[in-house]
S.K.: 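The structure follows.
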Amino acid sequence: MALMCGMLWRLLLVLVHVNRALVSWLRVRLRSWKGRMWERAVAALLLPVALAGFPDHQRKLNRNTGANANTLPGSGTSTHRSRCLSDGRSLEKLPVHIGLLVAEEEPSYSDIANLVVWCVAVGISYVSVYDNHGIFQKNNSRLLEEIERRQQKFLGGDGSKHNVEFLSNGTDKHHNVVSCRPTVKVLSPEDGKQSIVQAAQQLCRSVESKERSSKDISVTMLDILLRESKNIPDPELVVKFGSVNSTLGFLPWHIRLTEFISLPSHRNLSYEDLLGALQRYSACQQRLGQ
Amino acid sequence: MIGAEDVVIVKAVSWKIVKMSWIKEGELNLIEKISANVLKAGPMPKHVAFIMDGNRRFARRNNIERQEGHTQGFNKLAETLRWCKHLSIPEVTVYAFSIENFKRTKDEVDGLMELARLKFERLLEERDNLEKHGVCIRVLGDLNMLPHDLQQLIAKAVITTKSHNKCFLNVCFAYTSRYEITNAVREMAWGVEQGLIKSSDVSEPLLSECLYSNNSPNPDLLIRTSGEVRLSDFLLWQTSHSCLVFQSVLWPDYSFWNLCEAILQYQLSHKSIQKARDLHREHQASLQLEADRVCVAEHLQHHGNGKPADVQRRQEELQHYTTCRQERVQDFLKALKHKRDSYFTDLCSDGVQA
């Protein structure tokens with residue numbers, strides 16, 4: 001009996017993986033087809049699609065169908081900057097800070113650079129990039145190069161006026177959030193729990209030296225202290241890439257009200273996919289406890 | 001004069017209270033049993049957390065009173081606990097009331113407090129049943145924000161079920177994660193004030209031990225219903241490496257199959273998350289070792305005789321320092337536990353005197 005259950009379970013997993021692969025393949029093939037074909041194909045796979053980790057794919061799809069009327073052919077490289085700006089303005093709300101959480105092995109610098117450039121073009125002022133191995137942190141110069149290259153291409157030589165401010169560990173002590181330049185920040189697990197622990201140590205040291213009492217410690221105090229060393233605004237939206245359903249240590253303190261949108265992969269991601277995620281975000285309602 | 005109408009009302013109310021049991025008995029049906037066994041062939045979460053969202057929308061959709069929506073939500077909780085028992089999931093944490101919810105209208109807040117009173121009173125009535133099933137109830141949150149009589153009821157419930165150890169239900173009430181983390185920092189600062197620990201002893205594992213949830217392992221799976229895709233200040237520290245599943249079903253409509261779907265998602269992400277958890281733990285351990293080394297180096301500098309210490313001496317000092325630190329931390333945690341237990345026993349004895 002146990003053996004049969006074990007086999008059935010393995011079969012179930014295989015079915016889900018096959019389904020996911022099928023849906024991914026269809027996504028790529030049907031991207032340039034009319035929206036309806038795609039809808040019908042997905043509807044046929046709908047229940048398994050839910051299991052494959054594409055929550056609310058249908059909702060996202062409906063929104064994309066609306067956007068498809070203006071779809072530009074090809075991948076993102078030919079997307080015009082002014083179009084991005086108008087797309088951004090047409091959304092009811094845009095996040096001030098968007099987090100790009102790469103939960104996949106071996107990230108692709110070129111695809112991430114594309115995403116960063118599009119986010120900035122759409123009008124988002126703070127873009128962070130995170131992976132739980134700290135790969136982007138270790139190779140941040142390479143990422144910066146890619147981003148600069150994409151920006152040049154995208155803006156066609158007009159880049160110098162719109163350069164982003166690129167921050168990695170330790171360089172943003174004096175970062176002024178009010179600066180008009182959009183900011184790109186590379187994050188790693190150190191910016192999460194470790195930062196909270198460091199702030200806690202600082203508070204405990206001040207208690208040790210009798211500068212304050214433990215009773216003085218409040219949420220506001222801890223919050224201010226956290227932002228003193230690394231002034232990272234709370235992300236309103238995190239787009240997670242990959243099939244792993246976890247935040248993998250991303251900024252635990254900052255994500256209390258963050259909306260999470262999952263996309264299957266950051267590789268070969270199109271501008272339309274990103275826009276779809278932003279449209280989903282702009283439609284969500286936050287009741288803030290009420 | 002008590003008329004027939006009044007009897008009907010009394011019956012209806014007491015039936016509602018009977019319906020509001022914390023424990024639902026009953027086996028799974030055949031198909032459910034088979035599915036459960038198939039799922040159990042794979043890795044199973046040992047601790048599941050729920051954000052039970054959607055009671056009010058459920059009430060609107062079904063044209064019933066909002067309060068009734070919350071009541072149905074509670075019934076669904078009892079049913080979910082039954083399913084978890086059959087799926088051999090020993091621990092469940094639920095987000096019952098956020099500190100942010102105090103912002104709702106006075107009527108709604110009072111209604112929720114009243115529902116909580118009824119629930120905890122009911123729990124005390126069912127204590128034999130809870131003992132039979134070995135259910136341990138814990139309530140996590142800034143409980144001093146609640147009305148005093150509710151605090152006393154909660155204290156009684158927690159103390160009554162304290163020794164049960166077959167399954168655990170953690171109810172987050174007057175809770176937000178930021179308040180919980182801040183409270184943990186405050187407790188560590190208290191430890192420093194009392195001379196129990198040093199500020200250099202503050203670490204990630206120590207902070208975890210000071211959270212309200214310190215008696216539980218981190219949740220393996222977090223499920224939020226009603227289609228919202230955010231954490232709303234719930235267990236932010238504890239779920240950093242948990243599987244997050246967002247489902248669009250409203251909480252009072254939650255079914256056994258929704259739970260199975262969530263568990264399947266957990267099983268699909270299991271290996272990757274396990275890898276990430278291990279990586280994090282290793283990194284944390286090396287940070288701790290480094291921090292200990294720094295402390296020992298400082299100590300040797302201050303108390304040495306000017307000559308650099310040899311490798312063996314440094315190693316011995318490191319060993320000694322680590323052992324002392326661990327002892328300090330254990331003593332501090334004992335004191336913290338005593339402080340927290342006293343809070344509940346004091347409330348209980350208040351109740352007795354009153």
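So you know, we letter chains A, B, ... as the sequences are listed, proteins then strands, and number each from 1.
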S.K.: Between Gln202(A) and chain B, which part of the residue has a heavy atom less than 4.5 Å away: side chain, backbone, both or neither?
M.R.: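 Neither part.
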
S.K.: Do Glu32(B) and Trp257(B) pair up side chain to side chain, a donor and an acceptor below 3.5 Å, judged on atom types alone?
M.R.: no

S.K.: Begin with the C-alpha distance, continue with both residues' side-chain angles, and end with the deciding distance and a verdict on salt bridge (charged side-chain N to carboxylate O under 4.0 Å, His left out) for Asp233(B) and Arg178(B).
M.R.: CA-CA 7 Å; Asp233(B) 223 337; Arg178(B) 283 193 182 181; 5.0 Å; no

S.K.: Between Thr239(B), Ile181(B), Leu222(B), which has the largest tally of heavy atom pairs under 4.5 Å with chain A?
M.R.: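 With the most close heavy-atom pairs to chain A, the winner is Ile181(B).
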
S.K.: Let me know if Glu228(B) has heavy atoms under 4.5 Å from chain A in its side chain, its backbone, both or neither.
M.R.: side chain

S.K.: Determine, using ring centers only, whether Phe173(B) and Tyr95(B) are less than 6.0 Å apart.
M.R.: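 No: the rings miss the under 6.0 Å criterion.
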
S.K.: Side chain from CB out, backbone as N, CA, C, O: work out which of these in Leu222(A) comes under 4.5 Å of a heavy atom of chain B, or both, or neither.
M.R.: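 The answer is the side chain of Leu222(A).
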
S.K.: Measure Thr258(A) against the heavy atoms of chain B and call it side chain, backbone, both or neither at under 4.5 Å.
M.R.: backbone

S.K.: Please classify the contact of Thr176(B) with chain A as side chain, backbone, both or neither, using a heavy-atom distance under 4.5 Å.
M.R.: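 The answer is neither part of Thr176(B).
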
S.K.: Non-hydrogen atoms of chain A under 4.5 Å away: do they reach the side chain of Ser177(B), the backbone, both or neither?
M.R.: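 For Ser177(B), neither part sits under 4.5 Å from chain A.
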
S.K.: Identify which part of Ser98(B) has an atom lying under 4.5 Å from any heavy atom of chain A, answering side chain, backbone, both or neither.
M.R.: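 Answer is neither: Ser98(B) stays 4.5 Å or more from chain A.
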
S.K.: Given a strict heavy-atom distance threshold of 4.5 Å, which part of Met1(A) is in contact with chain B: side chain, backbone, both, or neither?
M.R.: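 Contact with chain B involves the side chain of Met1(A) alone.
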
S.K.: Between Gln201(A), Lys193(A), Arg10(A), who has the most heavy-atom pairs with chain B when the cutoff is under 4.5 Å?
M.R.: Lys193(A)

S.K.: Under a 4.5 Å heavy-atom cut-off, does chain B meet the side chain of Leu203(A), its backbone, both or neither?
M.R.: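 Side chain only.
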
S.K.: When rounded to the nearest 0.5 angstrom, what is the spacing between CG in Leu279(B) and CD in Gln274(B)?
M.R.: 12.0 Å

S.K.: Thr247(A), Leu13(A), Ile261(A): which one forms the most heavy-atom pairs within less than 4.5 Å of chain B?
M.R.: Thr247(A)

S.K.: Considering only heavy atoms and a distance below 4.5 Å, find which of Val207(A), Val219(A), Val238(A) pairs most often with chain B.
M.R.: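 Highest number of heavy-atom pairs under 4.5 Å: Val219(A).
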
S.K.: If you round to the nearest 0.5 Å, how far is CE of Met113(B) from NZ of Lys106(B)?
M.R.: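 Reported to 0.5 Å precision, the distance equals 11.0 Å.
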
S.K.: Counting only heavy atoms not in Met145(B), do more than 12 fall under 6.0 Å of its CE?
M.R.: yes

S.K.: Between His241(B) and chain A, with a heavy-atom cut-off of 4.5 Å, which part of the residue counts as in contact: side chain, backbone, both or neither?
M.R.: both

S.K.: Considering only heavy atoms, which portion of Ser213(A) lies under 4.5 Å from any heavy atom of chain B: side chain, backbone, both, or neither?
M.R.: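 Both the backbone and the side chain of Ser213(A) come within 4.5 Å of chain B.
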
S.K.: If we define contacts as heavy-atom pairs under 4.5 Å, which of Thr182(B), Leu287(B), Val109(B) has the most with chain A?
M.R.: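 Most heavy-atom pairs under 4.5 Å with chain A: Thr182(B).
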
S.K.: Which value, rounded to the nearest 0.5 Å, describes the distance between Ile223(B) atom CD1 and Asn258(B) atom CG?
M.R.: 9.0 Å

S.K.: Can you tell which of Ala2(A), Gly242(A), Ser218(A), Cys284(A) has the highest number of heavy-atom pairs within less than 4.5 Å of chain B?
M.R.: Ser218(A)

S.K.: So which part of Lys198(B) gets closer than 4.5 Å to some heavy atom of chain A, the side chain, the backbone, both or neither?
M.R.: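 Contact with chain A: backbone and side chain both.
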
S.K.: Report yes or no: does Asn183(B) contribute a side-chain atom to a donor-acceptor pair with the main-chain N or O of Tyr179(B) at less than 3.5 Å?
M.R.: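 No, because the side chain of Asn183(B) does not come within donor-acceptor range (under 3.5 Å) of the backbone of Tyr179(B).
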
S.K.: Could you tell me which portion of Asp223(A) (side chain, backbone, both or neither) has an atom closer than 4.5 angstrom to a non-hydrogen atom of chain B?
M.R.: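 The side chain, not the backbone.
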
S.K.: At their closest point, which heavy atom of Tyr281(A) faces which heavy atom of Lys93(A), and how far apart are they?
M.R.: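 Smallest interatomic distance, heavy atoms only, reads O-CE, 3.4 Å.
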
S.K.: Go through the atoms of Leu207(B) and report whether side chain, backbone, both or neither lie under 4.5 Å from a heavy atom of chain A.
M.R.: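 Contact with chain A: side chain only.
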
S.K.: Picking from His270(B), Lys40(B), Arg56(B), which has the most non-hydrogen pairs under 4.5 angstrom with chain A?
M.R.: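 The answer is Arg56(B).
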
S.K.: Quick one: of Tyr266(B), Phe102(B), Phe234(B), Trp190(B), who has the most non-hydrogen atom pairs under 4.5 Å with chain A?
M.R.: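 Heavy-atom pairs under 4.5 Å are most numerous for Trp190(B).
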
S.K.: Are side-chain heavy atoms of Ile232(A) and Ser128(A) found at a separation under 4.5 Å?
M.R.: no

S.K.: Checking Gln267(B) against chain A: side chain, backbone, both or neither under 4.5 Å from a heavy atom?
M.R.: side chain

S.K.: Output the distance between atom CG (Leu237(A)) and atom CZ (Arg280(A)), rounded to the nearest 0.5 Å.
M.R.: 9.5 Å

S.K.: Rounded to the nearest 0.5 Å, what's the gap from OG on Ser232(B) to CD1 on Ile51(B)? Could you check?
M.R.: 5.5 Å

S.K.: Check the pair Glu208(A), Arg205(A) against salt bridge (charged side-chain N to carboxylate O under 4.0 Å, His left out), reporting the backbone distance first and the verdict last.
M.R.: CA-CA 5 Å; Glu208(A) 221 164 28; Arg205(A) 275 196 295 269; over 6 Å; no

S.K.: What's the spacing between Lys185(A) NZ and Lys230(A) NZ if we round to 0.5 Å?
M.R.: 6.5 Å

